[in-house]
S.K.: 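Before I ask anything, let me first share the structure, which is written out below as structure tokens.
None of the values given here were measured: they were computed from a predicted structure.
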Amino acid sequence: MRARIIVSGLVQGVNFRHFTYDQAQMIGIKGYVRNLADGSVEAVADGENWMIEQFVKQLKIGPPASRVTGVDFQPVEIDENFDGFEIRH
């Protein structure tokens with residue numbers, strides 16, 4: 001399964017991308033995370049359904065300095081092959 005996840009709230013400038021990277025590494029998710037211009041964070045995650053569910057649960061919590069107010073995720077079809085998980089700028 002591939003999903004596009006948008007996390008809103010106080011999620012930039014609080015190590016959210018690094019937190020997301022660490023969670024992806026622990027769960028085995030492939031894809032990427034990046035900041036968006038509107039102040040939210042986007043993650044594209046590739047993994048088994050249970051992996052995506054666990055990943056989303058962790059993103060709803062976020063790192064200690066964050067204040068997550070919303071998490072929206074939708075299955076997507078992307079023609080990109082991921083070798084691992086990366087932070088994009």
Side-chain angles (χ1 to χ4, degrees):
M1 170 186 219
R2 286 192 174 181
R4 179 175 185 251
I5 305 157
I6 304 294
V7 185
S8 54
L10 177 58
V11 292
Q12 290 190 15
V14 294
N15 290 318
F16 202 93
R17 288 178 299 159
H18 291 283
F19 172 83
T20 302
Y21 175 86
D22 290 343
Q23 295 303 312
Q25 292 296 312
M26 286 190 288
I27 297 168
I29 296 285
K30 294 181 181 181
Y32 64 86
V33 63
R34 65 180 177 173
N35 287 341
L36 297 179
D38 67 0
S40 63
V41 170
E42 173 192 47
V44 172
D46 184 5
E48 300 294 326
N49 288 354
W50 70 267
M51 298 166 95
I52 302 293
E53 289 172 12
Q54 183 64 29
F55 189 56
V56 169
K57 282 183 189 177
Q58 294 304 312
L59 296 185
K60 287 180 180 179
I61 297 167
S66 70
R67 297 291 175 268
V68 176
T69 59
V71 176
D72 178 50
F73 82 98
Q74 301 173 353
V76 293
E77 290 189 27
I78 296 175
D79 290 335
E80 186 174 354
N81 290 322
F82 303 113
D83 293 327
F85 196 88
E86 64 183 30
I87 297 172
R88 294 188 177 175
H89 300 277

S.K.: For Q12, check side-chain contact (heavy atoms from CB on, under 4.5 Å) against everything at least two apart and list the hits.
M.R.: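 Result, side-chain contact (heavy atoms from CB on, under 4.5 Å) vs Q12: N35, V41.
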S.K.: With a cutoff of under 4.5 Å between side-chain heavy atoms, which Ile, Leu, Val, Met, Phe, Trp and Tyr residues group with L36?
M.R.: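 Once heavy-atom contacts under 4.5 Å are chained together, L36 belongs with I6.
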S.K.: Hey, quick one: are W50 and F82 part of the same hydrophobic cluster, counting side-chain heavy atoms closer than 4.5 Å, chains of contacts allowed?
M.R.: no
S.K.: Restricting to side chain to side chain donor-acceptor pair (under 3.5 Å), what partner residues turn up for N81, sequence neighbours left out?
M.R.: none
S.K.: If you take all heavy atoms of S40 and S8, which pair is closest and at what distance?
M.R.: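 Closest heavy-atom pair between S40 and S8: CB-CA, 4.3 Å.
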S.K.: Indicate the ring-plane relationship of Y21 and F85, choosing parallel, tilted or perpendicular according to the 30° and 60° boundaries.
M.R.: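 Tilted.
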S.K.: Which pairs with one or both residues in residues 79-89 pass salt bridge (Lys or Arg N to Asp or Glu O under 4.0 Å), sequence neighbours excluded?
M.R.: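 Residue pairs passing salt bridge (Lys or Arg N to Asp or Glu O under 4.0 Å), neighbours aside: E80-R88, E86-R88.
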S.K.: Out of I29, V33, I87, which residue meets the side-chain contact (heavy atoms from CB on, under 4.5 Å) rule with T20?
M.R.: V33
S.K.: Could you work out, with side chain to side chain donor-acceptor pair (under 3.5 Å) as the rule, every residue matching Q54, not counting sequence neighbours?
M.R.: none
S.K.: Locate the shortest heavy-atom distance separating V11 from F16; write the atom from each residue and the value.
M.R.: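 Between these two residues, the closest heavy atoms are O-CB, 3.0 Å.
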S.K.: Mind checking the CZ-CD spacing from F55 to E48? Nearest 0.5 Å is all I need.
M.R.: 15.0 Å
S.K.: Which pairs of donor and acceptor atoms, one on a side chain in residues 59-67, lie under 3.5 Å apart (sequence neighbours left out)?
M.R.:
unit_1	atom_1	unit_2	atom_2	d
S66	OG	P63	O	2.7
R67	NH1	P64	O	3.1

S.K.: Could you see if V44 belongs to whatever hydrophobic cluster contains F19? Use Ile, Leu, Val, Met, Phe, Trp, Tyr and a side-chain cutoff under 4.5 Å.
M.R.: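 V44 does not cluster with F19.
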S.K.: Considering only residues two or more places apart or on different chains, which pairs with a residue in residues 23-35 satisfy salt bridge (Lys or Arg N to Asp or Glu O under 4.0 Å)?
M.R.: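 Listed once each, the pairs are R34-E42.
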S.K.: If you compare all heavy atoms of A3 against all heavy atoms of F73, which two are closest, and at what distance to 0.1 Å?
M.R.: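 Where A3 meets F73 most closely, the heavy atoms are CB-CD1, 4.1 Å.
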S.K.: Which residues pass the salt bridge (Lys or Arg N to Asp or Glu O under 4.0 Å) test with R2, sequence neighbours left out?
M.R.: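 R2: salt bridge (Lys or Arg N to Asp or Glu O under 4.0 Å) contacts with D46.
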S.K.: Only counting residues at least two apart or in another chain, list the ones meeting side-chain contact (heavy atoms from CB on, under 4.5 Å) with M1.
M.R.: N49, I52, P75
